[in-house]
Amino acid sequence: MPELPEVESLAEFLREHAVGRAIAGVDVVAFQALKTFDPPPTALGGLTVTKVARHGKFLDLDCDGVHLIFHLARGGWLRWREDLTGARPVRPGKGPLAVRVRFAPDDDGAAPGFELTEAGTQKRLAVYVTDDPATVPGIAALGPDPLSPGFTAETLKAIVGGNRTQIKGLLRDQKVIAGIGNAYSDEVLHVARMSPFKIASSLTDAQIADLYEAIVTTLRDAVERSRGLAAKDLKSEKKSGLRVHGRTGQKCEVCGDTVREVSFADSSLQYCPTCQTGGKPLADRRMSKLLK
């Protein structure tokens with residue numbers, strides 16, 4: 001799933017490649033992805049992209065005051081095309097293509113654009129066309145952005161105070177902090193040397209300070225590593241930059257212990273016992289059942 005660093009990098013990519021271009025048309029292939037009906041996608045035709053913003057994991061193209069907003073969900077991605085003049089006509093079907101955005105041709109006749117695709121059977125990619133981003137339910141409910149100047153250690157202290165949620169789940173809750181998902185919550189907790197099962201309200205002031213520093217540095221470092229990359233290269237960069245997430249069975253780069261995993265119904269978390277849990281493996285109920 002694209003998280004804050006990848007979405008921010010995609011926003012930077014679109015600022016460079018899409019701002020100032022006139023939209024020739026928006027083709028919706030996966031109708032279930034379109035969550036709004038007024039204005040219709042056809043209203044974007046002829047408008048110019050004037051700004052690209054990010055709201056948590058949402059990308060927002062401001063087109064002369066009409067906003068094309070999308071959330072890539074778990075299996076979605078953005079594919080930039082330098083020239084769509086020879087692209088096949090879009091047809092609803094079972095393929096990965098969900099939406100195609102076509103820009104007016106350049107002086108050389110090439111008509112660039114981008115496609116939103118979604119892999120897998122769980123179709124959760126969401127697209128909105130609206131006059132006001134605040135009307136998008138997911139955006140309206142977002143917590144503070146961890147890369148914004150207003151997100152401070154005191155902000156985090158207020159969030160964790162009195163909250164009996166496990167810290168892993170709290171970091172992933174978009175209504176609490178915007179943009180962090182499964183992968184970067186694992187990475188943040190590894191940097192902070194903190195168990196994912198630790199209860200948020202039990203954190204000391206020193207642990208809150210360490211967690212704040214881990215959040216900000218981990219996300220900023222990931223954004224910096226992705227800066228300047230083409231959209232097609234962001235996925236591989238993310239994977240190569242992760243230290244524990246997705247690395248079950250491999251050696252921890254910090255201490256050399258083996259990275260462990262806890263599995264859930266539709267996801268999993270990874271952690272280092274030595275760095276995060278005092279050397280004690282966390283209970284994995286799913287694996288325990290399999291071993292019985």
Practice task
Name all residues meeting the ring-ring contact (aromatic ring centres under 6.0 Å, His included) criterion together with Y212; count only those two or more places apart in sequence or in a different chain, and write none if there are none.
Solution key: F151

Practice task
Decide side-chain contact (heavy atoms from CB on, under 4.5 Å) for E6 and W77; before the verdict, give the C-alpha distance in whole Å, the side-chain angles of both, and the deciding distance to 0.1 Å.
Solution key: CA-CA 10 Å; E6 295 79 52; W77 197 244; 4.3 Å; yes

If you round to the nearest 0.5 Å, how far is [atom2] of [Y] from [atom1] of [X]?
X: D210; Y: D205; atom1: CG; atom2: CG; result: 11.0 Å
X: L282; Y: F197; atom1: CG; atom2: CZ; result: 5.0 Å
X: E154; Y: I208; atom1: CD; atom2: CD1; result: 8.5 Å
X: Q250; Y: R260; atom1: CD; atom2: CZ; result: 14.0 Å
X: K168; Y: I180; atom1: NZ; atom2: CD1; result: 10.0 Å
X: L72; Y: E118; atom1: CG; atom2: CD; result: 8.5 Å

To check you understand the geometry: which heavy-atom pair defines the closest contact between [X] and [Y], and what is its length?
X: P144; Y: T155; result: CG-CG2, 4.2 Å
X: G181; Y: S185; result: O-OG, 2.8 Å
X: R243; Y: E187; result: N-OE1, 2.6 Å
X: V259; Y: R247; result: CB-O, 3.3 Å
X: C255; Y: C272; result: SG-SG, 3.4 Å

Problem - Intermediate values then yes/no, side-chain contact (heavy atoms from CB on, under 4.5 Å), S267 and R172 - result: CA-CA 12 Å; S267 66; R172 292 185 62 186; 4.1 Å; yes

Practice task
Apply side-chain contact (heavy atoms from CB on, under 4.5 Å) to the pair H190 and V254, showing each step before the final yes or no.
Solution key: CA-CA 10 Å; H190 181 249; V254 175; 3.7 Å; yes

Problem - Mutual orientation of the aromatic rings belonging to F58 and H71 [parallel < 30°, tilted 30-60°, perpendicular > 60°] - result: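 It falls in the perpendicular class, over 60°.
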
Exercise for the section: Determine the sole option in R227, R225, K232 for which the salt bridge (charged side-chain N to carboxylate O under 4.0 Å, His left out) test with E237 is passed. Expected result: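 It is R225, the one option of R227, R225, K232 that forms the salt bridge (charged side-chain N to carboxylate O under 4.0 Å, His left out) with E237.
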
Handout entry: V52 with L4, same ILVMFWY side-chain cluster at under 4.5 Å
Key = no

Problem - Same apolar cluster (I L V M F W Y, side chains within < 4.5 Å links), L61/W80 - result: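 Per the 4.5 Å side-chain linkage, L61 and W80 are co-clustered.
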
Exercise for the section: Return yes when atom NZ of K157 has more than 12 non-hydrogen atoms of other residues, nucleotides or ligands closer than 6.0 Å, and no otherwise. Expected result: no

Handout entry: D107 atom CG: more than 12 heavy-atom contacts under 6.0 Å
Key = no

Exercise for the section: Identify whether the distance between the nearest side-chain nitrogen and carboxylate oxygen of E8 and R15 falls below 4.0 Å. Expected result: yes

Completion exercise
Sequence neighbours excluded, the answer for salt bridge (Lys or Arg N to Asp or Glu O under 4.0 Å) partners of D27 is R102

Practice task
Scan side-chain atoms only and decide if T36 and T130 contain a donor-acceptor pair under the 3.5 Å cut-off.
Solution key: no

Exercise for the section: Name all pairs fulfilling the side chain to side chain donor-acceptor pair (under 3.5 Å) condition that reach into residues 57-69, sequence neighbours left out, sorted by first residue then second. Expected result: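 For residues 57-69: H55-D60, D60-H67.
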
Handout entry: Steps toward side-chain contact (heavy atoms from CB on, under 4.5 Å) verdict (T274, C252)
Key = CA-CA 9 Å; T274 295; C252 170; over 6 Å; no

